[in-house]
Amino acid sequence: MAARARKLPRSFYNRPTLEVAPELLGKYLVHATAHEPVSGRIVEVEAYVGQGDPACHAARGKTDRNAVMFGPPGFAYVYFIYGMYHCFNIVTEREGFPAAVLIRAAEPTDGLSLMEYNSPGKRHHELLSGPGKLCRSMGITVAHSGLDLTGGEIYVEDRETSVPTIVTGSRIGIRSGTDLLWRFCDADSGSLSRPVG
DNA sequence: AACACGATCTACT
DNA sequence: GTAGATCGTGTTG
């Protein structure tokens, strides 16, 4: 990785989720796997903010599944969905306030061969263009839930590239809270999970 | 113990 | 555009 790359510290995540989410666009999600590092430039995220947000997994209180969202910021919240997919989130805000940013899409940067192995037949721009595909290609599972993202296995890097043009929209795949424009996308990316509506 | 459903994706019409 | 895959979790009985 480049010398100017900087791993995001816990203080980055210990802020309001609606500030953290758009700032994650253009940063690089890295998974240092046992084989080779895989990474992608984040181009689409969604914010899930506390018990007042009806679409947040923590809206109805703490359970075994969502407990990590109630913990300190800068940890991974990964859940299993639809019987076959995983979704990767980063916990934000102070301990006790349940919030997270769902990483929905990224552009592949490092470890292309491993990601192609994990997702056979996918075009490059489709390897990470959705939360389920992103986890599958990058090798992220519920085994990583609770992982400290200031450590060396999974983390986010600022490589000081140009700041993306950001567009917002309604969050995908939810039934309530659709009035909130808490989906943030890089307007110029060809790797979004869906066009911005 | 049984059930309904989900922050998705693919294949097929 | 829409149906089907597939199973852990939370809720209900």
Side-chain angles (χ1 to χ4, degrees), chain A residues 13 16-18 20-22 24-25 29 31 40 42-71 73 75-93 97-108 115-147 149 154 156 166-186 189-197:
Chain A
Y13 305 110
T17 309
L18 295 177
V20 175
L24 283 169
L25 297 176
L29 175 63
H31 181 194
I42 299 169
V43 296
E44 178 180 345
V45 300
E46 285 176 359
Y48 290 89
V49 189
Q51 305 201 43
D53 174 4
C56 181
H57 282 177
R60 290 169 207 172
K62 190 175 182 178
T63 67
D64 287 345
R65 179 206 201 194
N66 66 28
V68 65
M69 287 184 85
F70 287 79
F75 284 77
Y77 169 47
V78 187
Y79 60 88
F80 185 61
I81 192 69
Y82 295 119
M84 57 183 95
Y85 299 110
H86 298 271
C87 289
F88 173 78
N89 300 254
I90 301 177
V91 176
T92 55
E93 314 216 24
F97 187 94
V101 176
L102 170 67
I103 308 300
R104 286 193 57 90
E107 295 169 347
M115 291 195 280
E116 289 169 345
Y117 175 80
N118 288 336
S119 298
K122 286 275 180 293
R123 307 295 301 269
H124 287 185
H125 68 276
E126 296 169 334
L127 285 169
L128 307 175
S129 60
K133 288 183 279 188
L134 184 146
C135 284
R136 178 156 168 66
S137 296
M138 297 190 77
I140 297 173
T141 73
V142 290
H144 298 105
S145 201
L147 186 69
L149 300 179
I154 300 177
V156 180
I166 298 174
V167 289
T168 65
S170 181
R171 293 172 291 179
I172 307 293
I174 57 172
R175 319 261 311 193
S176 53
T178 54
D179 55 316
L180 303 167
L181 303 181
W182 288 355
R183 176 185 182 220
F184 302 89
C185 300
D186 176 345
S189 177
S191 298
L192 300 181
S193 66
R194 291 175 45 176
V196 183

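Naming convention: chains lettered A, B, ... in sequence-line order (proteins, then strands); numbering from 1 in each chain. What's counted below: heavy atoms across the whole structure, side chains too, no hydrogens, waters or symmetry copies.
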Worksheet item: Rounded to the nearest 0.5 Å, how far apart are CG of Leu134(A) and CG of Leu128(A)?
Response: 5.0 Å
Fill in: Base paired to dA2(B) (Watson-Crick or G-U; both N/O distances under 3.5 angstrom)
dT11(C)
Response to the item:
dT6(C) -> Watson-Crick or G-U wobble partner, both distances under 3.5 Å, gives none
Worksheet item: Given the P atoms of dG1(C) and dA7(B), what is the spacing between them in whole Å?
Response: 22 Å
Worksheet item: Which is true for Arg104(A) with a 4.0 Å heavy-atom rule: it touches a base, it touches only sugar-phosphate, or it touches nothing?
Response: sugar-phosphate
Practice prompt. Report which part of the nucleic acid Tyr82(A) touches: base, sugar-phosphate, or nothing (heavy-atom distance under 4.0 Å, all strands).
Written response: base
Worksheet item: If you check every side-chain atom of Pro131(A), which of dC9(B), dC7(C), dT9(C) has the closest atom?
Response: dC9(B)
Worksheet item: Relative to the ring of Tyr77(A), is the ring of His57(A) parallel (under 30°), tilted (30 to 60°) or perpendicular (over 60°)?
Response: perpendicular
Worksheet item: Which nucleotide, dG10(C), dC9(B), dT6(C), lies nearest any side-chain atom of Lys133(A)?
Response: dC9(B)
Worksheet item: Between dT8(B) atom P and Ile140(A) atom CD1, what is the distance in whole Å?
Response: 16 Å
Practice prompt. Determine if Tyr85(A) stacks with dT8(B); use a centre-to-centre distance below 5.5 Å and an interplanar angle below 30° as the criteria.
Written response: no
Discussion item. So, OP1 or OP2 of dC9(B): does either fall under 4.0 Å of a side-chain N or O from Lys122(A)?
Written reply: no
Worksheet item: Reckon Gly132(A) touches a base, only the sugar-phosphate, or nothing at all at heavy-atom distances under 4.0 Å?
Response: sugar-phosphate
Worksheet item: Reckon Arg171(A) touches a base, only the sugar-phosphate, or nothing at all at heavy-atom distances under 4.0 Å?
Response: nothing
Worksheet item: Between His124(A) and Glu107(A), do the side chains contain an N or O donor and an N or O acceptor separated by less than 3.5 Å?
Response: no
Worksheet item: To the side chain of Cys87(A), which of dT8(B), dG6(B), dG8(C) is closest?
Response: dT8(B)
Practice prompt. Select base, sugar-phosphate, or nothing to describe what Leu102(A) touches, counting heavy atoms under 4.0 Å on all strands.
Written response: base
Practice prompt. Using modelled atom types only, decide if a donor and an acceptor are shared between the side chain of Asn66(A) and the backbone of Gly61(A) within a distance under 3.5 Å.
Written response: yes
